[in-house]
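Side chains are part of it too, since the values below use all heavy atoms of this structure and drop only hydrogens, waters and symmetry mates. To find a chain, count down the sequence lines: A is the first, B the second, and so on, and within it residues start at 1.
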Number of protein chains: 2
Amino acid sequence: MVRLMCGGRDWMKKKSTLRDVARQSGVSVATVSRVLNDSQSVTEKTRVRVSAAIEDLGFVPSAAARSLNSGRTRTIGALVPTLDHSIFARYLNALEDRLSELGYGLIVSVTNGSGDIEVKKAHNLLDMGVEGVIVSGRSHAEGLNRLLRRFDVPMIITSYFDPLADYPTIGYNNAAIAESALRYLRDLNHRHVAVLHGPLEGNDRIEARLDGLKRAQGDVTLEFVETELSVKGGAEGILQAKIDRQSTTAVLCLSDVQALGALFELQRQKISVPQDVSLMGFDNLEWSSISNPGITSIALPAAKMGLKAAEAMASWLTTNFPAEPLDLKAEIVSRGSTRKI
Amino acid sequence: MVRLMCGGRDWMKKKSTLRDVARQSGVSVATVSRVLNDSQSVTEKTRVRVSAAIEDLGFVPSAAARSLNSGRTRTIGALVPTLDHSIFARYLNALEDRLSELGYGLIVSVTNGSGDIEVKKAHNLLDMGVEGVIVSGRSHAEGLNRLLRRFDVPMIITSYFDPLADYPTIGYNNAAIAESALRYLRDLNHRHVAVLHGPLEGNDRIEARLDGLKRAQGDVTLEFVETELSVKGGAEGILQAKIDRQSTTAVLCLSDVQALGALFELQRQKISVPQDVSLMGFDNLEWSSISNPGITSIALPAAKMGLKAAEAMASWLTTNFPAEPLDLKAEIVSRGSTRKI
DNA sequence: TAGCTTTATGTAACCGGTTACATTTATGGC
DNA sequence: GCCATAAATGTAACCGGTTACATAAAGCTA
């Protein structure tokens, strides 16, 4: 095998180029380029001839050469904290689909909720030439802001709504949503609510939700328990909250991931849901509608957010006008895990 | 704002180039390139001067120009069927981390289990210049094979082990693992087992698992129920399997996602787990260790598979020798959802 | 100091497409 | 057939880095 003798990347140079196609079809490189990019100014006869050469040679245009010349990659980068538990799956699916319709590709990078990793991953994306960056949450390391300024690339924030933020936000008002959740429980006559939430560190969505709860507290006693954003964290949160059937009548988890763990732990302790304690989650993940009982949850507009973010970014890149903030609405899905007392 | 008057992408041309850096630091473009790529043949004095100009100008190298010249992107593409339920999250995290250590970037694309989407996404990845492609499962549309040959890019298959496959497989033997699961239940004296599995269509991992079960059947009666690969699908599978406490003593779900739904449905029907029916899953997803009872599950070597695939691909690209097939072992994690009868 | 060797740096071509401007060909009208 | 115009196509420069080979500078030894 001669190929195995070459070592390294020599075989990479064997691929045909636009010049090969031009030579074989007897036209200039400009005509080949026109056939590839613009069918208006080439005759059908010539187009057929060029297309046959492309097919015959297995010609594949170089994206690097193309973007070097056009100054565009038509690629957008998205940074998300995690791929776990489908939290971002619906949003990413919608984002990618809509961007694709608008002629853009999407590259996703995972930050594990770390500011340092986020800067590093953003740098990678920008190195690759992404034309825009879409992030989750409002607060980001100063390093990220500096990077975006340096690369002069637009950024859109999702999962958050704040018309006054430094970058346009396309998402939802976390504080208001948390308030409506508390109102929902209050209307069911709950006056002692344990709130299970993930790590506060660098997570402005959780912070805003807690602010909203504290603001709407009124005559409701709230107990806050910070725990891991995982199923396990939910179970541990129940242990920490010391649910004893006597005072706390409801548990509000700021994520359905934790709500699943909380449900399991309550069942383990023979604490009946919703007889003894009502349980509510956030994000309406799939299991919340299948669980026993179904978990009352806040359905966040993930797919719509992805779609709108895609459109906003494409528009920004085309018109050079920044995106407008957009407040998407969430809604409460009632299920068997909550009851009136 | 003059910038807002430019429209389109004019501001893209204002960024500094390697030539600007060379001019400002009074050296040639070759020296600037050497400072960027190789610190051995440049004096410290020159290096400092060039670095200052880079910082001053906010110079950012063009990845397109660099890859056009070097013939490399140092980027690998991975195709996965879904981002849902963390099924692939551990594998992708490990893959990306190890590739990064080896000097490669990773781009992930989701295929939604569709052959057509897979070909389209692969085309996008190859257009972007990825140097290798890593896929899940052995069977793929012929269009994908053609694409890879056309681009002359190496491919590695994961989540499957078959030393005779057309491309190297780095994963696990699905048939053997399913056999061991059945053996485990059989050793607990289960002789009637309902098997819940996702859609067979184009999913060779499930197919292999079923083959393994049929081969290992012996004196065990198996009932196969095809259902959606989702929590909901698991619940519906229980309804379809008509678990009645009389004959079927165990339910084997070929995914923990379905096992979660099955657990909920069994509880809804007041069928006690494991008293009335034992329940077993596949993949040892997080909730299986937290649920009530914990779900006995097969722990697949996702992280190790990601790590080994990364190393195999990097090695292949460096040495031009194809990767060797690798059979990673799974292990059964016993929990409260199964019992001896 | 001169000559030789090693180190540091520069020049110009190149990578593979795109496209402004130039040139050729085709078409329609008189 | 000739002329004007439109359509089709070609030429050469360019994008922004990389690097082979050439040249200059530095270091060492006799």
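- Partners of A:Glu55 according to the salt bridge (charged side-chain N to carboxylate O under 4.0 Å, His left out) rule, which considers only residues two or more places apart in sequence or in another chain, do not exist here.
- Whole-Å rounding puts the B:Glu44 CD to C:dT9 P distance at 11 Å.
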Does B:Glu131 form a salt bridge (charged side-chain N to carboxylate O under 4.0 Å, His left out) with B:Arg72? I'd like the steps, not just the answer. CA-CA 7 Å; B:Glu131 302 186 21; B:Arg72 306 207 57 176; 2.7 Å; yes

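- Rounded to whole angstrom, the span from the CZ atom of B:Arg47 across to the P atom of C:dT9 amounts to 12 Å.
- In this structure, the separation between CG on B:Leu79 and CE on B:Met155 is 9.0 Å, given to the nearest 0.5 Å.
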Tell me, with the steps shown, if B:Thr43 and B:Thr46 meet side chain to side chain donor-acceptor pair (under 3.5 Å). CA-CA 5 Å; B:Thr43 63; B:Thr46 302; 2.9 Å; yes

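- In the helix from C:dT1-D:dA30 to C:dC30-D:dG1, the end axes, each obtained as the rotation axis mapping the C1' atoms of four pairs onto the next four within a five-pair block, lie 40° apart to the nearest 10 degrees.
- Atom-to-atom distance recorded for A:Met305:CE and A:Thr158:OG1 is 4.5 Å, nearest 0.5 angstrom.
- Residues satisfying the salt bridge (charged side-chain N to carboxylate O under 4.0 Å, His left out) criterion with A:Glu142, sequence neighbours excluded, are A:Arg149.
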A:Arg98 vs A:Glu101, test: salt bridge (charged side-chain N to carboxylate O under 4.0 Å, His left out). Steps then yes/no. CA-CA 5 Å; A:Arg98 190 67 184 110; A:Glu101 284 165 10; 2.8 Å; yes

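- A donor-acceptor pair shorter than 3.5 Å cannot be found between the side chains of A:Ser315 and A:Thr318.
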Protein-nucleotides 23-27 of chain D N/O pairs closer than 3.5 Å?
none

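- B:Glu324 and B:Lys308 are not joined by a salt bridge, as no carboxylate oxygen comes within less than 4.0 angstrom of a charged side-chain nitrogen.
- Residues passing the salt bridge (charged side-chain N to carboxylate O under 4.0 Å, His left out) test with B:Arg138 are B:Asp162, sequence neighbours excluded.
- Side-chain nitrogen and oxygen atoms of B:Ser67 include none within less than 4.0 Å of the OP1 or OP2 phosphate oxygen of C:dC15.
- Rounded to a whole Å, the CG atom of B:Leu68 is 13 Å from the C1' atom of C:dA13.
- With rounding to whole Å, B:Asp20 atom CG is found 13 Å from D:dC15 atom C1'.
- When the C1' atom of C:dA26 is taken as reference, atom NZ of A:Lys45 falls 12 Å away, rounded to whole Å.
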Between B:Glu44 and B:Arg49, does a salt bridge (charged side-chain N to carboxylate O under 4.0 Å, His left out) hold up when you go through it step by step? CA-CA 9 Å; B:Glu44 180 66 17; B:Arg49 209 159 76 231; over 6 Å; no

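- The interatomic distance linking B:Arg23 (CZ) with C:dT11 (P) rounds to 13 Å, in whole Å.
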Summarise protein proximity over nucleotides 17-24 of chain C in one line of letters, 5' to 3': B for base, S for sugar-phosphate only, - for none, counting protein heavy atoms closer than 4.0 Å. BBB-----

